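Order of the sequence lines fixes the chain letters, A, B, ..., with proteins taken first and strands second; residue numbering starts at 1 for each chain. Everything quoted here is computed from the prediction, not taken from an experiment.
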Number of protein chains: 2
Amino acid sequence: MADIARLAGVSVSTVSRALSGSPLVNAATKQRVAELARSLNYSINVGAQNLRLKQNRTVAVIVPFDPETRQHLSDPFFLAIIGSIADALTDRGYDMLLSRVDANTLDQAAQFHGTGRAVGIILIGQWHHHDQLNQMALRGVPLVVWGAQLSGQIYASVGSHNQIGGEQATAHLLAQGARRIAFLGDPELPEVGLRYAGYLNAHERAGITPDPQLMLPVAFVRESVQAAVRELHARGVPFDAVFAGSDLVAMTTTSTLRSLGVNVPEDVLVAGYDDIELAAHFHPPLTTVRQPIVEAGEALVNCLLSQLAGERPQSVLLPTELVVRESTQTTTA
Amino acid sequence: MADIARLAGVSVSTVSRALSGSPLVNAATKQRVAELARSLNYSINVGAQNLRLKQNRTVAVIVPFDPETRQHLSDPFFLAIIGSIADALTDRGYDMLLSRVDANTLDQAAQFHGTGRAVGIILIGQWHHHDQLNQMALRGVPLVVWGAQLSGQIYASVGSHNQIGGEQATAHLLAQGARRIAFLGDPELPEVGLRYAGYLNAHERAGITPDPQLMLPVAFVRESVQAAVRELHARGVPFDAVFAGSDLVAMTTTSTLRSLGVNVPEDVLVAGYDDIELAAHFHPPLTTVRQPIVEAGEALVNCLLSQLAGERPQSVLLPTELVVRESTQTTTA
DNA sequence: CTGAAAGCGCTAACAA
DNA sequence: TTGTTAGCGCTTTCAG
């Protein structure tokens, strides 16, 4: 900037003003400065500008990871949500700082705000860290979490209406004639817990008591799912449908069943949750509960930005939609 | 920081030194400062620090988008690569700034470096922008791109050995008895072009001349693939196998064929490229050419950081591996 | 319309 | 061992 000033024969203040389009500066000078800047391939140092202005247009998006499994970022749904956040942020003129932090020391996430690197934080997945998140919110960190809305929640969350989603899927399976529906997913996770609650609700409404043996608390990991399905099969516990906690689990279940000689949907109906892009192209095409991904990104970003604008944190429940495909069509249909 | 200094009864320089663990400062003072900092919930302002130090530990990861389709970030393979870069960067202590830029004004990407926001740039996908990328490299922007290695390339690239991958898949299909293998993918894209070259090579080596009608230049979009497959079928052009430019295309092809009453692998063999996680769980499990995702992230990051360390840009060709699954098993096998 | 000067939060000589 | 001072690159009063 000093160089430009020298070359243009003006002061740095003038250059600064010219570059920021201030009306105070002579059009001719403005022109000259602009050209010089271009020819020198110059652009403003955002760091210095932020320092001076105490502003910042960066949002940190954090994906917690389990330090033991050191598991990689791979669930297509989470990945897709990141994509949609990236889009929403770009639209609003914000940058996205993507980072992974150890789930056990989630407070690290707050550092992105504390150190002035980001104006706020979007956290993907609340897992078991409800309390830590409340702490952060209490400390005044602008925060939005993708997950379930829990009672006693101080931070804002955005998520689909998991309980209704769970009901929709289960009610559909029951309507298709299923009577012994296995549930696959870890109900300790708030979102999955609500989906399970929906599962129970739907049963109750139908006047059916689900067999507790059909509740398989698997983690969202391939091996865990395969093991659970194989064991259920080996134990000879009869079941005529599966409601999986995510599409990935549903797909793994389907292929595991097939390897055991059990066909979907002829022998067992399978429904998932998420409606990832591939669900429609799976064989059989997967019935699932859609979580609106594009809206999710927008809602997360809106929620964060409105907090920054001084409004009170306002959680959002996104509508779910049951997408019926062949994986739950009884062959007679 | 000034507050801490006042409270601790020392100067800011001492605080600065204490916080940075300088050996010059008295252990007692250091202790006191550390406690104060913790209790005030203070942490260093990275922006100011960077400004002063002229350093920076963030890397910009850029995904170009086509402004017309304004297409969202959704290909699982790209998403997975982003995940793996995030991991690699986290391991090396770098932050990742994720952004999407209009593919037509790719130079914008250079701004992240120009404005001091990032030390270097990782670009996902070179598409048709070889020249622009060379320009950027020429201007001295530290840059790595995921894509093919082209002649006359100044920037560094990391990618799988697309031609060999194409050969592997095609040779496998030929070995399985296929004689009329359709190729689906836009050969204008450097990576796909090389895969196609591999396809041609394998044919030549087998002494077979592929029918030009079997070359379907589809974009990597669902609709495009469906349309192409339907048209091929409608025109009555016979084919006994498909080599798809990506797993997503292969899966779409499979489900489109199925809707036309053509079964995989009984009537037509299908092979893909990428080996995304779902490929193994697809039905039928998909034969594909694996691009090593974890290594990809590491290689991209290494390549960029070594440039920053002053070494010459060094492109990397990652090995591919043919993963044979049921989608290419002739039923008699 | 333009320039001089102060200062954003931090670090690094240089002195003491 | 610690404090003083200058300055990273920028913006913005306050005077001209």
Quiz prompt | Stepwise side-chain contact (heavy atoms from CB on, under 4.5 Å) test for A/Leu123 and A/Trp146 | solution = CA-CA 6 Å; A/Leu123 228 139; A/Trp146 172 263; over 6 Å; no
* To do: Output yes when at least one side-chain N/O atom of B/Tyr42 is less than 4.0 Å from OP1 or OP2 of C/dC10, else no.
  => yes
Atom CZ of A/Arg52 and atom C1' of C/dA5 are separated, to the nearest Å, by 11 Å
In the 5' to 3' direction, the nucleotides of DNA chain D bounding the stretch that comes under 4.0 Å of a heavy atom in chain A are D/dG9 to D/dT13
In whole angstroms, the gap separating P of C/dT11 from CD of B/Gln55 amounts to 9 Å
Rounded to whole Å, the CD-P distance (A/Gln49 to C/dG9) equals 16 Å
In whole angstroms, the gap separating C1' of C/dA13 from CG of B/Leu53 amounts to 14 Å
Sequence neighbours excluded, the answer for side-chain contact (heavy atoms from CB on, under 4.5 Å) partners of B/Ser22 is B/Arg17, B/Ser20, B/Leu24
Is the side chain of B/Asn56 donor-acceptor paired with the backbone N or O of B/Thr58 at a distance under 3.5 Å, no angle test?
yes
| said: Treating B/Asp274 as the side-chain partner and B/Ile276 as the backbone partner, does any N or O pair qualify as donor plus acceptor under 3.5 Å? | reply: no
- B/Gln149 side-chain N/O to B/Gly159 backbone N/O, donor-acceptor pair under 3.5 Å: no
Taken to the nearest whole Å, CG/A/Leu51 to P/C/dG7 is 14 Å
### Query
Just by modelled atom types, is the A/Ile293 backbone N or O under 3.5 Å from a matching donor or acceptor in the A/Ser84 side chain?
yes
Parallel, tilted or perpendicular: which fits the ring planes of B/Trp127 and B/Phe78, with parallel below 30° and perpendicular above 60°? perpendicular
Sequence neighbours excluded, the answer for ring-ring contact (aromatic ring centres under 6.0 Å, His included) partners of B/Tyr155 is B/His130
Review point. Is A/Arg57 close enough and on-axis enough to A/Tyr94, meaning under 6.0 Å and within 45°, for cation-pi?
Key: yes
When the rotation axes relating C1' atoms of four end pairs to the next four are compared across the helix from C/dC1-D/dG16 to C/dA16-D/dT1, five pairs an end, they differ to 10° by 40°
Contacts table for residues 131-145 of chain B: side-chain donor-acceptor under 3.5 angstrom, sequence neighbours left out:
| from | atom 1 | to | atom 2 | distance (Å) |
| --- | --- | --- | --- | --- |
| B/Gln132 | OE1 | B/Leu106 | N | 3.2 |
| B/Gln132 | NE2 | B/His129 | ND1 | 3.2 |
| B/Asn134 | OD1 | B/Ile154 | N | 2.7 |
| B/Asn134 | ND2 | B/Gly152 | O | 2.9 |
| B/Arg139 | NH1 | A/Asn41 | OD1 | 3.4 |

Here the distance between atom C1' of C/dG9 and atom CZ of A/Arg117, to the nearest Å, is 15 Å
Within residues 4-32 of chain B, those residues having any heavy atom closer than 4.0 Å to DNA chain C are B/Ser13, B/Ser16, B/Arg17
Whole-Å distance, B/Met1 CE to C/dC8 C1', equals 14 Å
(request) Report the C-alpha distance between B/Ser43 and A/Gln111 in whole Å, list the side-chain angles of each, state the deciding distance to 0.1 Å, and finish with yes or no for side chain to side chain donor-acceptor pair (under 3.5 Å). (result) CA-CA 7 Å; B/Ser43 49; A/Gln111 295 311 312; 3.1 Å; yes
